[in-house]
Amino acid sequence: MAMEVGFLGLGIMGKAMATNLLRKGFKVTVWNRTLSKCDELVEIGASVGETPAAVVKKCKYTIAMLSDPSAALSVVFDTDGVFEQIVSGKGYIDMSTVDVDTSSKISEAITSRGGHFLEAPVSGSKKPAEDGQLVILAAGEKALYEEAIPFFDVLGKKSFFLGQVGNGAKMKLVVNMIMGSMMNAFSEGLVLADRSGLDSKTLLDVLDLGAIANPMFKLKGPTMIQNNYSPAFPLKHQQKDMRLALALGDADAVSMPVAAAANEAFKKAKSMGLGDLDFSAVYETVKHLQRSS
Ligand code: NAP
């Protein structure tokens, strides 16, 4: 019999992930805050739960993919939330990118009811999500991790079990902090090349042949120089990740001036109304700063 799984949150990532689970033969019950977003999934065989609680009641395992800490907490603790229907033996797997505190609060609540909890944020964006090529950074209950492997095999190309709750969140924040800083350095380089009279496409070719070649520059460079910021990873989420990574550094007094500057650029981009565009739209902020100086 097909394994049954609940899925909460059908944004850019969740929609692609739930689609893959359906295509690979899982029985999936979906919920999204804006319920109309469930329609496309229903067309390919999903059932709908009216509330997060209804989904958890129906399914032994429920996966969540939500925007940020406040969304992750609200889906668990609000009226008709996940917590109301957690009973012994149920598994809750939160794949959203959040901080250690958020994940720990959810973990404590779920396990206090005899449920099992795993945090499992992912590395990889819209395309890897569509292709089932995510990298899964799981932490929490090892037994639930083992049970979730059939899901992870569909969603990702590799999964890591990192130990206690919080380690998945930390790993994800470190990775995205590096990514956000790189995106800013890349944007400054593109502006400097342009202002120096160099051809941007040639810069991309040169970069791609050298030691700092990477899939992100290769993927985003051509669209950035066309001012195309169709969102794969919304800028507002990248800024959230910078903010949470800097807070993680605060705890141990880790000085991160490069990340702090990158965070400022993402904040500036948000204030310019670019938060729903792709995070590569920070390039516009860098260009804007040059114009105004
Ligand atoms: P998204 O497209 O903005 O989707 C966000 C989802 O969260 C939507 O389903 C949204 O529901 C829901 N949501 C927001 N606030 C809520 C609330 N208060 N209560 C209930 N639901 C709420 O974001 P995404 O790109 O799929 O990202 C989801 C998570 O994955 C984030 O934590 C992000 O940092 C992480 N992530 C993203 C990428 C990427 O490249 N996109 C890669 C790795 C990790 P509505 O439809 O009703 O707004």
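One-based numbering along the sequence shown. Indexing begins at 1, ligand by ligand and atom by atom, following the structure's order.
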Heavy-atom distance under 4.5 Å between the side chains of Glu188 and Leu192, does that happen here?
no
From CG (Leu277) to NZ (Lys236), nearest 0.5 Å
10.5 Å
Contact (N/O only, under 3.5 Å) between Thr34 and ligand 1
yes
Taking only heavy atoms of Pro234, which atoms of ligand 1 are found under 4.0 Å from at least one of them?
25 (O), 41 (N)
Quick check on contacts: which atoms of ligand 1 are under 4.0 angstrom from a heavy atom of Asn32?
8 (C), 9 (O), 11 (O), 45 (P), 46 (O), 47 (O)
With heavy atoms under 4.0 Å as the rule, classify the contact between Arg33 and ligand 1 as side chain, backbone, both or neither.
both
Rounded to the nearest 0.5 Å, how far apart are CE of Met3 and OH of Tyr61?
5.0 Å
Below 3.5 angstrom, do we get any N/O pair linking Asp68 and ligand 1?
no
Should Trp31 be counted as touching ligand 1, given the test is an N or O pair under 3.5 Å?
no
As an exercise, state the distance from CD of Glu147 to CZ of Phe152, rounded to the nearest 0.5 Å.
11.0 Å
Applying a strict 4.0 Å limit to heavy atoms, is Gly124 in contact with ligand 1?
yes
Taking non-hydrogen atoms only, is Ile12 closer than 4.0 angstrom to ligand 1 via side chain, backbone, both or neither?
both
Is it the case that one hydrophobic cluster holds both Ile178 and Leu235, taking links as side-chain heavy atoms less than 4.5 Å apart, direct or via other members?
yes
Is Val55 linked to Leu41 within one hydrophobic cluster, defined over Ile, Leu, Val, Met, Phe, Trp and Tyr using a side-chain heavy-atom separation of less than 4.5 Å?
yes
Have Asn20 and Lys24 got a donor and an acceptor in their side chains that come within less than 3.5 Å?
no
Relative to the heavy atoms of Lys172, which atoms of ligand 1 are at a distance of less than 4.0 Å?
43 (C)
Which of these, Met13, Lys15, Lys240, has its nearest heavy atom closest to atom 26 (O) of ligand 1?
Met13
Under a 4.0 angstrom heavy-atom cut-off, which atoms of ligand 1 come close to Val75?
20 (C)
Output yes when the distance from some N or O of ligand 1 to some N or O of Ser125 is under 3.5 Å, and no in every other case.
yes
What about Ser96: any of its N or O atoms under 3.5 Å from an N or O on ligand 1?
no
By number and element, which atoms of ligand 1 are closer than 4.0 Å to a non-hydrogen atom of Gly9?
9 (O)
Where on Ala232 is there a heavy atom closer than 4.0 Å to ligand 1, on the side chain, on the backbone, on both, or on neither?
backbone
Mind checking whether Val98 contacts ligand 1 via backbone (N, CA, C, O), side chain (CB onward), both or neither, at a 4.0 Å heavy-atom cut-off?
neither
Quick check: does Ala71 get an N/O under 3.5 Å from an N/O on ligand 1?
no
Answer yes or no: is there an ion pair linking Glu146 with Lys142, defined by an N-O contact shorter than 4.0 Å?
yes
With a 4.5 Å limit on heavy-atom distance, are the side chains of Met17 and Leu134 in contact?
yes
Quick one: does Lys90's side chain have a donor or acceptor within less than 3.5 Å of a partner on Val56's backbone?
yes
Enter the distance from Asn228:CG to Asp278:CG here, rounded to the nearest 0.5 Å.
8.5 Å
Give the atom numbers and elements of ligand 1 that come within less than 4.0 Å of a heavy atom of Lys37.
45 (P), 46 (O)
For the 3.5 Å polar cut-off, considering only N or O atoms, please tell me whether Leu10 and ligand 1 meet it.
yes
